[in-house]
Amino acid sequence: PYSWDDVRAMESQLLTAYRELGQTQHIAGNYQDAVNTLNVSLALSPIQPEAKYQRDLAFEAIVDANDMDMIDTEMK
């Protein structure tokens, strides 16, 4: 059987895995996937400043990518 300490440790590992996956998705340019993954992590535990920061960076990358698409469209 598991103790509460075991459960908390597993939860911490899960949150770390989601955060690291979100960061990896961001680095790979999969910004929407990063936002979705980090949202799952934040739904499990809303008090994660690093996950919120990473999600905000991914949102910003989406906005920047959309802005570049608009500039490219206007120049054609």
Side-chain angles (χ1 to χ4, degrees):
Y2 291 107
S3 70
W4 280 111
D5 289 337
D6 293 334
V7 172
R8 280 192 287 274
M10 286 186 279
E11 178 186 34
S12 177
Q13 291 172 345
L14 179 63
L15 295 174
T16 298
Y18 273 118
R19 189 177 62 248
E20 289 176 355
L21 176 59
Q23 289 172 324
T24 301
Q25 290 168 323
H26 183 174
I27 291 167
N30 301 322
Y31 308 124
Q32 188 60 59
D33 290 340
V35 169
N36 294 342
T37 299
L38 292 162
N39 278 338
V40 169
S41 182
L42 289 165
L44 294 171
S45 178
I47 304 172
Q48 297 184 77
E50 181 64 24
K52 287 180 183 179
Y53 175 72
Q54 291 296 328
R55 184 193 56 192
D56 291 347
L57 288 177
F59 271 132
E60 187 175 319
I62 290 169
V63 169
D64 289 347
N66 288 340
D67 287 349
M68 290 305 294
D69 287 344
M70 287 178 30
I71 290 170
D72 287 344
T73 301
E74 290 173 0
M75 297 185 88
K76 291 181 179 182

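Source: prediction; values computed, not measured.
- One N or O on the side chain of Asp6 and one on the backbone of Ser3 form a donor-acceptor pair closer than 3.5 Å.
- Put simply, OG1 on Thr37 and CG on Asn30 are 9.5 Å apart, with the number rounded to the nearest 0.5 Å.
- From Leu57, atom CG reaches atom CD1 of Ile62 across 11.5 Å, with rounding to the nearest 0.5 Å.
- In this structure, CG on Leu21 lies 13.5 Å from NE2 on His26, to the nearest 0.5 angstrom.
- Both Trp4 and Tyr2 belong to a common hydrophobic cluster when Ile, Leu, Val, Met, Phe, Trp and Tyr are linked at side-chain heavy-atom distances under 4.5 angstrom.
- For Ser45 and Glu11, the side-chain atoms include no donor-acceptor pair closer than 3.5 Å.
- Put simply, CG on Leu15 and CD on Glu50 are 13.0 Å apart, with the number rounded to the nearest 0.5 Å.
- The CE atom of Met10 lies 8.0 Å from the CD atom of Gln13; values are rounded to the nearest 0.5 Å.
- Annotation: side chain of Phe59 is in contact with side chain of Val35 (closest heavy-atom distance under 4.5 Å).
- Remark: Tyr18 OH to Leu38 CG distance equals 11.0 Å, nearest 0.5 Å.
- With hydrogens and angles disregarded, no donor-acceptor distance shorter than 3.5 Å links the side chain of Gln54 to the backbone of Gly22.
- Remark: the backbone N or O of Arg8 is not paired with any side-chain donor or acceptor of Ser12 at under 3.5 angstrom.
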